[in-house]
Amino acid sequence: MRLALAEAQKAYKLGEIPIGAVITKGSEVISTAYNRRENGKNALFHAETEAIYKACEKLGGWRLWECELYVTLEPCPMCAGAIVNARIPKVFFGTYDIKNGACTSNLNIFNMKDNFRPEFEGGVLQDECSGLIKSFFAELRNK
């Protein structure tokens, strides 16, 4: 999660909502990414989808069934769907997103009937992940 936080810091410095993601396979880091919707001018450029795209390219396939995803914010519906479709078996996220969270907070895409069901653990380094996002929005409001 510390690597995901470092990715989120990169987003913060670029004026993006500070969300970072890391995909590992065993002890190897396969991909890293951060939110870049504003600079990339693309609604699909969330940290999770970027990390999944890079991991698929690196591993040569769309099934990431031996990987784990670490992300600083609970995935939204789009990202949760991408995680399910990539068959990522375990997801760790930092802070909960009561507005858009799709693992537990608002809805649970990971628990859909007759679908692939990733395991997940929320609240990993929650204070650091939440603090970074709160600082970003406080700074934005002050501008």
Going by heavy atoms in the side chains, are [X] and [Y] under 4.5 Å from each other?
X      : Y      : value
Leu59  : Ile30  : yes
Tyr96  : Gln126 : yes
Ile133 : Pro18  : yes
Met78  : Leu44  : yes
Lys10  : Arg36  : no
Arg117 : Asn111 : yes
Met112 : Ile109 : yes

Please report the shortest heavy-atom distance between [X] and [Y], naming the atom on each side.
X     : Y     : value
Glu16 : Arg37 : OE1-N, 3.2 Å
Ala11 : Asn35 : CB-O, 3.6 Å
Ala33 : Ala51 : CB-N, 3.5 Å

Identify whether [X] and [Y] are in the same connected component of the hydrophobic contact network (ILVMFWY, side-chain heavy atoms under 4.5 Å).
X      : Y      : value
Val71  : Leu107 : yes
Ile52  : Phe116 : yes
Leu132 : Leu140 : yes
Val84  : Leu64  : yes
Ile23  : Tyr34  : no

For Tyr53, look at atom OH and say whether over 12 heavy atoms of other residues, nucleotides or ligands are found less than 6.0 Å away. no

For Lys90, does the NZ atom have more than 12 heavy-atom neighbours from other residues, nucleotides or ligands under 6.0 Å away? yes

Contacts of type salt bridge (charged side-chain N to carboxylate O under 4.0 Å, His left out), residue Lys54, not counting sequence neighbours: none

Begin from the C-alpha positions of Tyr12 and Glu139 and carry the test side-chain contact (heavy atoms from CB on, under 4.5 Å) through to its verdict. CA-CA 11 Å; Tyr12 194 114; Glu139 188 177 301; 3.0 Å; yes

Less than 4.0 Å between a side-chain N and a carboxylate O, is that true for Glu66 and Lys25? yes

Apply side-chain contact (heavy atoms from CB on, under 4.5 Å) to residues Trp62 and Asn85 and explain how you reach the verdict. CA-CA 8 Å; Trp62 62 270; Asn85 281 295; 5.7 Å; no

For the pair [X] (side chain) and [Y] (backbone), establish whether a donor and an acceptor sit closer than 3.5 Å, ignoring hydrogens and angles.
X      : Y      : result
Thr72  : Gly20  : yes
Asn106 : Lys99  : yes
Asn108 : Thr104 : no

Angle class for the Phe120/Phe93 ring planes (parallel below 30°, perpendicular above 60°, tilted otherwise)? parallel

According to ring-ring contact (aromatic ring centres under 6.0 Å, His included), who are the partners of Tyr70, at least two apart in sequence or on a separate chain? Phe92

Would His46 and Cys76 count as a side-chain contact (heavy atoms from CB on, under 4.5 Å) if you check the C-alpha gap in whole Å, the side-chain angles of each, and the deciding distance to 0.1 Å? CA-CA 9 Å; His46 287 211; Cys76 71; 3.6 Å; yes

About how many Å separate [atom2] of [Y] and [atom1] of [X], when rounded to the nearest 0.5 Å?
X      : Y      : atom1 : atom2 : answer
Leu69  : Glu48  : CG    : CD    : 6.5 Å
Cys103 : Phe110 : SG    : CZ    : 3.5 Å
Ile19  : Asp97  : CD1   : CG    : 7.5 Å

By the definition side chain to side chain contact (heavy atoms under 4.5 Å, CB included), identify the one residue from Cys129, Ser105, Cys79 that meets it with Glu74. Ser105

